[in-house]
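Proteins come first, then strands; the chains are lettered A, B, ... in the order of their sequence lines, and each starts at number 1.
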Amino acid sequence: MLMDVMAKTRKTSQRATGSPGRSPGKVALTLRLDPEKFRKLELLARAENRTPTNYVETAVLRDMAAKEEAAGVIAMFVPDEAGGLRPGVLSRSEDESDERYAERSALMDRLFAIPDAE
Amino acid sequence: MIAEGAFFRVLFPTTEKPRVPGLSHICYCLAVRPPLVLVAYTTTAAWPPGTPLPFGVRLFAKEEAAALNQARAFRLHLNRQARIPLTERWIPDLAAPGQGVIALAPARLRQEIYETTVELLRRHEQSVERLGL
């Protein structure tokens, strides 16, 4: 349904929101819908106790997350207190071969370099 | 002890920022690099029927879960990882005997998960480059 609504969007415009009362750091997007589609959107949003704006935002975020998951993207969660810590030497189990440990160390270097998901 | 292949309880970081300790989940340890540990998320929540599993998500049926000392079937999300400090704030059983490790994956399973992680990372890096995700 989201794609349908978005496909029917006639015109969008962007502007940075800097005025008080708006979400700072977010970009506003004007969405134009047919009245019938908007009524449906209102009903869907009301059913989830959301505003139409919040419903659209949530739907877009869900769609992005689904695409990222389908594309095989790793979502990395890094709290602030971990972001400032430097990872030490990789711990090794007794039964791990030298070759596997070397490969795993290289893999972990790349994984530990993935930044926190947006 | 917490090491590669260990399943243990983690207060997995919240989706919202700033990330704070969230709900308790049994997580799979991918690597320990003190003072940090890299874990992958698991959940017992049902997967929507008819929805294909994304690459990097592995189901553990009830019998397989039981062999890992877990009462219910669960799924492991290698595509959802957290890099957290090795502290009780994130790992509540850290001071408990055995650091609260519930089970240790056998070598064969560890290797399977490792190989999946290698492929997942390859796809991740490709997607980042191609799609800018």
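If you measure heavy-atom distances from Glu119(B) to chain A, you find no contacts under 4.5 Å at all. For a residue to count as touching a neighbouring chain, one of its non-hydrogen atoms must lie under 4.5 Å from one of that chain's; by this rule Val78(A) touches chain B with backbone and side chain alike. Residue contact with chain A, scored on non-hydrogen atoms closer than 4.5 Å, is absent for Ala3(B). Residue Arg110(B) touches chain A through both its backbone and its side chain, counting heavy-atom pairs closer than 4.5 Å. Of the two parts of Glu103(A), the backbone and the side chain both hold a non-hydrogen atom closer than 4.5 Å to a non-hydrogen atom of chain B. The part of Arg86(A) that comes within reach of chain B is its backbone (N, CA, C, O), which places non-hydrogen atoms under 4.5 angstrom from that chain.
Tyr41(B) and Phe12(B) have perpendicular rings, their planes meeting at more than 60° on a 0 to 90° scale where under 30° would count as parallel.
Side-chain atoms of Arg50(A) never come within 3.5 Å of backbone atoms of Leu44(A) as a donor-acceptor pair (strictly under, hydrogens ignored).
Your options are Arg19(B), Arg122(B), Arg80(B), and the one with the most heavy-atom pairs under 4.5 Å with chain A is Arg19(B). Listed options Leu111(A), Val89(A), Asp80(A) were ranked by heavy-atom pairs under 4.5 angstrom with chain B; first place goes to Leu111(A).
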Hey, mind stepping through Asp34(A) and Arg39(A) against salt bridge (charged side-chain N to carboxylate O under 4.0 Å, His left out) and telling me if it holds?
CA-CA 9 Å; Asp34(A) 297 331; Arg39(A) 274 195 297 277; over 6 Å; no
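Between Glu4(B) and Arg104(A) a salt bridge is recorded (basic side-chain N to carboxylate O distance below 4.0 Å).
Within the structure, side chain to side chain donor-acceptor pair (under 3.5 Å) pairs that include any residue of residues 61-74 of chain B comprise Arg58(B)-Glu64(B) (at least two apart or interchain).
Minimum interatomic distance between Leu68(B) and Leu104(B) (heavy atoms only, all atoms of both residues): CD2-O, 4.4 Å.
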